[in-house]
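Report on the structure given below.
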Amino acid sequence: MNYKGDELFWIAICDDEKDSVREIKEILLEGEMEPGEFKISVFFSGRALLEANVGRYDLLILDMVFPEEHGREIACEYRSRNKDGLFVYCTGKVAPIPDDFRAGPYRYMRKEQPRKLRRELLETVEEMYRRRARKHLEVTGGKSTYMINIEDILYLEIAKTGSFVYYYRNSEDICALKIREKPRELYPKLCVFGFEFAHNSYLVNCHYLSWWNSNELELVNGKRLSVSRAKEKKFSEACMKYIT
């Protein structure tokens with residue numbers, strides 16, 4: 001891998017066995033590319049996990065069996081709150097059933113196979129790095145190439161040549177960058193992250209909506225954009241998928 005992120009990776013371990021937690025943390029830190037990149041939180045129950053801000057976690061490592069809880073239900077609730085998060089089951093001698101895979105785990109790991117567990121956990125860490133790298137949009141502005149975090153983009157607006165991309169810089173300032181690519185060219189990559197056309201002129205990140213109706217929308221920064229009749233149905237469906 002040649003990607004080097006500039007933000008912390010947030011990792012959650014949900015397991016009620018302290019020895020397992022210690023072993024998992026040691027393996028995870030072997031895969032850390034630079035010291036201090038990982039922020040690892042430990043939860044000894046599913047309830048504690050779900051009471052936390054689960055949306056922030058890049059990776060969840062989840063046991064299957066807890067007193068009065070089951071990992072399957074925890075996983076489904078986690079997925080309902082975090083549609084894009086990477087999670088794996090890491091459990092003891094529990095055979096999986098089809099329902100265990102409804103929430104889309106990346107791996108199903110067995111604690112009693114330590115060598116395989118170590119290998120698969122390190123492969124999961126690599127996947128976490130790859131997914132963050134894929135969340136950056138490469139665009140061309142003038143003679144320069146820019147990498148923009150997709151999650152920071154509010155919307156793109158078509159221009160005579162190319163488009164303008166409006167995005168957060170340092171989580172506060174909103175910047176406008178003129179790029180060569182048009183929204184239609186970038187849509188195949190962006191649509192999987194919750195972007196949809198509200199109008200032929202605007203490709204909007206649905207995660208930043210305050211409200212919308214059949215004619216207009218408002219973003220969290222107060223910016224209002226038109227919603228065209230031709231795009232209204234598909235845009236509304238995207239909003240419902242990513243807002244609810």
Side-chain angles (χ1 to χ4, degrees), residues 1-15 24-25 27-43 49-50 52-63 71 74-90 100-109 116-139 145-154 156 165 167-171 181 185-196 203-208 238 241-243:
M1 289 181 296
N2 57 14
Y3 173 73
K4 170 65 173 70
D6 57 358
E7 300 175 354
L8 288 178
F9 285 91
W10 290 79
I11 302 173
I13 304 171
C14 187
D15 193 320
I24 291 168
K25 287 181 70 173
I27 296 171
L28 290 174
L29 291 173
E30 289 182 39
E32 191 177 35
M33 291 176 64
E34 295 289 341
E37 280 188 326
F38 290 177
K39 173 68 175 179
I40 301 176
S41 301
V42 176
F43 302 92
L49 168 70
L50 297 175
N53 181 11
V54 297
R56 72 166 47 177
Y57 291 105
D58 299 286
L59 170 62
L60 166 63
I61 299 166
L62 177 63
D63 196 2
I74 299 168
C76 288
E77 181 63 22
Y78 164 77
R79 179 57 74 217
S80 73
R81 303 187 194 186
N82 187 337
K83 294 181 173 62
D84 303 315
L86 175 67
F87 89 92
V88 299
Y89 290 120
C90 183
D100 293 335
F101 296 91
R102 282 186 298 160
Y106 177 66
R107 294 283 174 90
Y108 192 104
M109 306 177 188
K116 187 177 181 182
L117 175 64
R118 179 180 177 277
R119 184 181 73 249
E120 291 193 332
L121 278 172
L122 291 176
E123 288 173 355
T124 300
V125 169
E126 290 184 0
E127 176 64 15
M128 182 179 68
Y129 275 100
R130 282 194 293 269
R131 289 192 181 194
R132 177 167 291 184
R134 289 200 296 267
K135 289 184 179 181
H136 283 72
L137 184 69
E138 183 175 336
V139 293
T145 299
Y146 298 87
M147 296 292 287
I148 303 175
N149 187 341
I150 291 174
E151 294 178 352
D152 290 340
I153 299 173
L154 281 83
L156 293 91
V165 55
Y167 66 100
Y168 280 107
R169 184 173 62 187
N170 301 326
S171 302
E181 296 81 5
E185 298 172 49
L186 300 173
Y187 178 72
K189 179 169 185 178
L190 293 176
C191 66
V192 298
F193 293 99
F195 285 72
E196 189 52 65
L203 180 58
V204 177
N205 186 344
C206 295
H207 295 284
Y208 285 114
K241 178 178 179 183
Y242 288 98
I243 299 302

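- The CE atom of M109 sits 11.5 Å away from the CG atom of L62 when rounded to the nearest 0.5 Å.
- Legend: residues meeting ring pair (Phe, Tyr, Trp, His ring centres under 6.0 Å) with F87, ordered by chain and number and at least two apart, are Y78, Y89.
- Panel note: side chain R107, backbone V88; no donor-acceptor pair is recorded below 3.5 Å.
- When side chains are defined from C-beta on, D58 does not count as touching L86, because their heavy atoms never get closer than 4.5 Å.
- Considering all non-hydrogen atoms of both residues, C76 and R102 come closest at SG-NH2, 3.8 Å.
- In this structure, E127 CD and E120 CD are separated by 13.0 Å, a value rounded to the nearest 0.5 Å.
- Remark: R81 pairs with E77 by the salt bridge (Lys or Arg N to Asp or Glu O under 4.0 Å) rule, at least two apart or across chains.
- Proximity of I40 to I24: side-chain heavy atoms (C-beta onward) are nowhere separated by under 4.5 Å.
- More than 12 heavy atoms of other residues, nucleotides or ligands shown are found within 6.0 angstrom of NZ on K189.
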Would you please test L60 and L49 for side chain to side chain contact (heavy atoms under 4.5 Å, CB included) and show each step?
CA-CA 10 Å; L60 166 63; L49 168 70; 3.9 Å; yes
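- Distance CD/E151 to CG/L154: 12.5 Å, rounded to 0.5 Å.
- The structure places CG of L121 at 12.0 Å from NZ of K116, a figure rounded to the nearest 0.5 Å.
- Taking the six-membered ring where tryptophan is involved, the planes of F38 and F9 are perpendicular, since the angle between them exceeds 60° and thus also 30°.
- Using a 4.5 Å cut-off on side-chain heavy atoms (C-beta onward), K25 and V42 make contact.
- With contacts defined as side-chain heavy-atom distances shorter than 4.5 Å, the pair Y146/H136 does not qualify.
- Counting heavy atoms from C-beta on, the side chains of Y208 and Y168 come closer than 4.5 Å.
- Atom OH of residue Y167 and atom CD1 of residue I153 lie 9.0 Å apart, to the nearest 0.5 angstrom.
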Between I13 and L28, is the side chain to side chain contact (heavy atoms under 4.5 Å, CB included) condition met? List the steps.
CA-CA 10 Å; I13 304 171; L28 290 174; 4.0 Å; yes
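- E138 pairs by the salt bridge (Lys or Arg N to Asp or Glu O under 4.0 Å) definition with nothing, not counting sequence neighbours.
- Proximity of C90 to D63: side-chain heavy atoms (C-beta onward) are nowhere separated by under 4.5 Å.
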Start with the C-alpha gap between D15 and I61, add the side-chain angles, then the distance that decides, and say whether side chain to side chain contact (heavy atoms under 4.5 Å, CB included) holds.
CA-CA 8 Å; D15 193 320; I61 299 166; over 6 Å; no
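- Of all non-hydrogen atoms in Y108 and F101, the two that sit nearest each other are CD1-CZ, 4.1 Å.
- Between L59 atom CG and Y129 atom OH the span is 11.5 Å, to the nearest 0.5 Å.
- Residues C206 and E196 share a closest heavy-atom pair of SG-CB, 4.3 Å.
- Under the side chain to side chain contact (heavy atoms under 4.5 Å, CB included) criterion, E181 pairs with V139, T140, I179, E185, L186, sequence neighbours left out.
- The side chain to side chain contact (heavy atoms under 4.5 Å, CB included) with L156 is formed by just one residue from the set N205, V204, L203; it is L203.
- Partners of R56 under the salt bridge (Lys or Arg N to Asp or Glu O under 4.0 Å) rule, at least two apart in sequence or in another chain, do not exist in this structure.
- Residues that satisfy the salt bridge (Lys or Arg N to Asp or Glu O under 4.0 Å) test with R118, not counting sequence neighbours, are E30.
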